[in-house]
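So the structure is just underneath, and the comments pick up after that.
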Amino acid sequence: VLAPEDAKPPYVSLARISTVPVNHLRGSAGLDQHSVDVGCYSTSYADLLVLRDAVRTCLQSAGSIMETELEDYDSMVRVYHISQHWQIWT
């Protein structure tokens, strides 16, 4: 789910990058591995870190694994951004 153009920070956006079925020697394991990008946005760096920590706690408690995390600041719109790439199984 990507954020609408008029979304006001703070907010979180999700983008599923890929889904791969997990298989074993006898066929399907009945499990899918999803690569998901999570974006956290805020006009305050401190609030951004709180939002990032909440997302991380939630996804890790569900057994997901974060692979990368990148920080950015968009000076044109004055918004801080953290991008996380996750592996999620369902």
Side-chain angles (χ1 to χ4, degrees):
V1 177
L2 296 176
E5 279 189 36
D6 60 348
K8 303 288 186 226
Y11 62 87
V12 174
S13 68
L14 303 172
R16 181 170 44 114
I17 305 305
S18 66
T19 299
V20 178
V22 177
N23 298 305
H24 52 70
L25 294 176
R26 293 184 183 194
S28 174
L31 190 65
D32 289 330
Q33 177 183 357
H34 307 275
S35 292
V36 177
D37 282 344
V38 177
C40 301
Y41 299 84
S42 181
T43 55
S44 157
Y45 186 70
D47 290 345
L48 179 70
L49 296 180
V50 170
L51 186 58
R52 176 208 57 193
D53 291 346
V55 167
R56 194 172 193 171
T57 298
C58 178
L59 290 174
Q60 284 179 334
S61 70
S64 302
I65 297 173
M66 185 173 65
E67 294 184 330
T68 59
E69 180 176 277
L70 303 168
E71 290 187 19
D72 191 22
Y73 177 72
D74 188 335
S75 60
M76 297 289 287
V77 291
R78 298 181 181 172
V79 171
Y80 294 94
H81 171 233
I82 290 180
S83 176
Q84 300 172 333
H85 185 78
W86 289 86
Q87 294 299 318
I88 300 171
W89 291 268
T90 60

In this structure, CG of Leu59 is separated from CD1 of Ile88 (nearest 0.5 Å) by 5.0 Å
Applying side chain to side chain donor-acceptor pair (under 3.5 Å) to Thr90 and not counting sequence neighbours gives His34
Output every pair passing salt bridge (Lys or Arg N to Asp or Glu O under 4.0 Å) with a member in residues 23-41, not counting sequence neighbours, ordered by first then second residue. none
For Glu67, give me all partners under side chain to side chain contact (heavy atoms under 4.5 Å, CB included), at least two apart in sequence or on another chain. His85, Gln87
Ring pair (Phe, Tyr, Trp, His ring centres under 6.0 Å) contacts touching residues 51-77 (sequence neighbours left out): Tyr73-Tyr80
Connected via hydrophobic side-chain network under 4.5 Å: Val36 and Val12: yes
Applying salt bridge (Lys or Arg N to Asp or Glu O under 4.0 Å) as the test, list every pair that has at least one member in residues 80-90; sequence neighbours left out. none
Under the side-chain hydrogen bond (donor to acceptor under 3.5 Å, both in side chains) rule, what pairs show up with a residue in residues 43-64, not counting sequence neighbours? Tyr45-Glu71
Running the 4.5 Å side-chain criterion over Ile, Leu, Val, Met, Phe, Trp and Tyr, what cluster does Met76 land in, apart from itself? none
With ILVMFWY side chains joined below 4.5 Å, transitively, what does Val20's cluster contain besides itself? none
Quick one: OG1 on Thr19 to CH2 on Trp89, what's the gap to the nearest 0.5 Å? 12.5 Å
Kindly compute the distance separating CG (Leu51) from OG (Ser42), expressed to the nearest 0.5 Å. 7.0 Å
Mind checking whether Leu49 and Val55 sit in one hydrophobic cluster, side chains of I, L, V, M, F, W, Y counted as touching below 4.5 Å? no
Who else is in Val79's hydrophobic cluster (ILVMFWY, side-chain heavy atoms under 4.5 Å, direct or via others)? Tyr11, Tyr41, Val77
Scanning both residues in full, the closest heavy-atom pair of Asn23 with Ser28 reads OD1-CA, 3.4 Å
